[in-house]
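Residue numbers begin at 1 in each chain, while the letters A, B, ... track the order of the sequences.
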There are 2 protein chains.
Amino acid sequence: MARKSRRELAQLDGTTELPLTVREVALAAGVSPITVSRALHRPSLVSAATREHVLAVVKELGYVPNLLAGSLASSKSRLVAILLPTIANSIYATVVQAIMDRLTEAGYQALIGPTGYSPEKEEELLEAILGRRPDGIVLTGTLHTPASRARLAALNIPVVEAWDLSAEALDMQVGFSHEQVGVALAEHFVARGYRRFGVISVDDPRAMRRNLALQARLVALGIPELPMEVLPLPATWEVGRIGLARLLERPEPPELVLCSSDTLALGVVAEASSRGLRIPAQLAVVGFGDTTNGRFATPALSTVSVNADAMGQRVAQALLDRLAGEQTAVSLDTGFALIERQSS
Amino acid sequence: MARKSRRELAQLDGTTELPLTVREVALAAGVSPITVSRALHRPSLVSAATREHVLAVVKELGYVPNLLAGSLASSKSRLVAILLPTIANSIYATVVQAIMDRLTEAGYQALIGPTGYSPEKEEELLEAILGRRPDGIVLTGTLHTPASRARLAALNIPVVEAWDLSAEALDMQVGFSHEQVGVALAEHFVARGYRRFGVISVDDPRAMRRNLALQARLVALGIPELPMEVLPLPATWEVGRIGLARLLERPEPPELVLCSSDTLALGVVAEASSRGLRIPAQLAVVGFGDTTNGRFATPALSTVSVNADAMGQRVAQALLDRLAGEQTAVSLDTGFALIERQSS
DNA sequence: CTGTTAGCGCATTCAA
DNA sequence: TTGAATGCGCTAACAG
């Protein structure tokens, strides 16, 4: 007697309810399996009558196609991997949210991998995720291990590096120059008459690029001193409070504090508030990120707006365009805007 | 002549580099495919010598096993679906981050689906995601469409409802009672002597449950009036600012403002600061969430801490335990804590 | 427009 | 400890 298939074995078991397959749906609908498949995924290839009938049966039976099998057969997974430092940071979360919204709309799903700002962890996650054969990959930043770069180069699937621009794109890049942010901040606020700057930052590679560019530019503009508090991740509101406390302990307290994120800036405002410091009269505060699309800046706060939402949409679009077979630009500068507080 | 397989066709094409398969690795290593598979996934079944040799070949060739095929064959996807309102809200993001960290550690990957607080959208996403045959599912809250409930009931895979507790668990629940939060807030602050309360909230179902419980309890305690500003999502810092502005326009400005999230509370602080209001002397502010693990409350702010990190870990653990075949508790109350500001 | 055939790449089952 | 056979559920290719 023939060996029993696993499905048959499971049936005998009785307790376990097995998911339906195309075959069973086809049987119920009186068509072949492929017709069911087509009715679901390529409706134009099926006559209206059969299509409707098949779809009715599908609905009635509650059939959910097995995408693992489908992906295997078609070598299209409709899966996009997104690797980012952490989701628990609004600046990244906003971009991911935008990417996912756009992808979901287009019928893709997102596999998220949190790298914790570490290229090694990124490499590890990449290995694990590539096994799912994603149709596209989104990475954060331009810093990747040689192994990661090699893998991706050999792979021939669309890759977007978000958040940053560099000379050596893996494939596509969507972001802006963090150096330019630093330079712009320096020039703008020096022109406004500020001389005593202070920085409160977490130890994120991109934030540090901004900080160093700022510092260099300030030196060039005749301001040699830049007190900088670099605190460990994660970037919470608390970091801003501590940072300000430390800056104020220094001999020359700053007139202007530049923060590596809006979250930190809010902490600074809270701390300043509990110390009775008026903002911006006694202390100007500048954030970074502006995930609320221009609504972050207020009479009390300035910020650098990176329009995370737009960046996310463009990342998704770049991927989708490429998946649709279009040629797409290698590098897309989404820019940033310095949104200044109203004068008080 | 025999019809060509798709793989053969792709080879002819020339341009496309196909991913390696077990077969090719086996060939290179001089063993059978199944030995390669075992060396990778069940090393104890292979002799040390062959194992090392095979793994060396795998590494050298850069072989990445196709998990789509593996999952199909083994009916284990090592995928967990997480459906949540939005990732762009630190309170949810923190929980997801914790869940993912724990899952990644255990070799699982997370499929994220943003439902935008809508049960209908949740249902839709569920349908789409079930096709990937996830080994487990995490839902947010206890409000699901009948169709979703039916699907999940028929499915026989572990489900965790996070963030809330209810009488009708789908499977497992990990969360706390939002009604209790409202009651606790009312009792605590009335006992502290506050009489003029105000609420600033977004229109999130769980937040509204807290608000209504608060209101009911206040009425019972002899405080009939509760000015409440319910603003549309998303819960940004800006919402807090606007909310406070509106509350202050009312005839009797509050002494105490309860916010539906810490983000809103920060907005309130910023707005109060720019109006010269001292916190908490002139205005007490209470947040909700405390994603920074007890570091959110400060001299200026109180908050309700839900320990999102712990909740996430428990959600993941409940899932992993069940996947490991253990019986697990149906309902786990992770509680909350009211962290009050220092007296000023 | 519909059906038949033949895999996709892997892991389970059984046999050696 | 290793291997051969088989099928997981679906869709691409081809034929009618």
Donor-acceptor pair under 3.5 Å, B/R38 side chain vs D/dG3 base =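 Flag set: donor-acceptor pair detected.
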Closest contact, heavy atoms only, [X] versus [Y]:
X      : Y      : answer
A/R314 : A/T334 : CD-CG2, 4.4 Å
A/W163 : A/G141 : CB-N, 4.3 Å
B/V57  : B/A29  : CG2-CB, 3.9 Å
B/I112 : B/L84  : CG2-CD2, 3.7 Å
A/I129 : A/A81  : CG2-CB, 3.4 Å

Classify the nucleic acid contact of [X] as base, sugar-phosphate or nothing, counting any heavy atom under 4.0 Å across all strands shown.
X     : answer
A/R51 : nothing
A/L67 : nothing
A/T50 : sugar-phosphate
B/R42 : sugar-phosphate
A/L68 : nothing

OP1 or OP2 of [N] less than 4.0 angstrom from a side-chain nitrogen or oxygen of [X], does that happen here?
X     : N      : answer
B/S37 : C/dC10 : no
A/S71 : C/dC8  : no
A/S47 : C/dT2  : yes
B/T35 : D/dT2  : no

Residue [X], side-chain atoms from C-beta onward, closest of [options]:
X     : options                : answer
B/I34 : D/dG9, C/dG3, C/dT12   : C/dT12
A/S32 : C/dT4, D/dC8, D/dT11   : C/dT4
A/V22 : D/dC10, C/dC1, D/dT11  : D/dC10
A/A69 : D/dA13, C/dC10, D/dC10 : D/dC10
B/V46 : C/dG9, D/dC10, D/dT2   : D/dT2
B/S74 : D/dG3, D/dT11, C/dT12  : C/dT12

Which parts of residues 52-66 of chain B get close to DNA chain D, meaning a heavy atom less than 4.0 angstrom away?
->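 Here the set is empty: none.
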Which dot-bracket string fits DNA chain D when only Watson-Crick or G-U wobble pairs with both atom distances under 3.5 Å count, crossing pairs get [ ], and | stands for a partner on a different strand?
-> ||||||||||||||||
Which of these, [options], sits in a side-chain contact (heavy atoms from CB on, under 4.5 Å) with [X]?
X      : options                        : value
A/L40  : A/V25, A/V46, A/V58, A/V54     : A/V58
B/L83  : B/L126, B/L111, B/T140, B/V138 : B/L126
B/T115 : B/E122, B/E124, B/E120, B/E123 : B/E122

Start at the 5' end of DNA chain C and walk down; is the nucleotide closest to A/P33 or to A/A48 reached first?
-> A/A48
Residue pairs, two or more places apart or on separate chains, that pass salt bridge (charged side-chain N to carboxylate O under 4.0 Å, His left out) and touch residues 127-141 of chain A = A/E127-A/R151
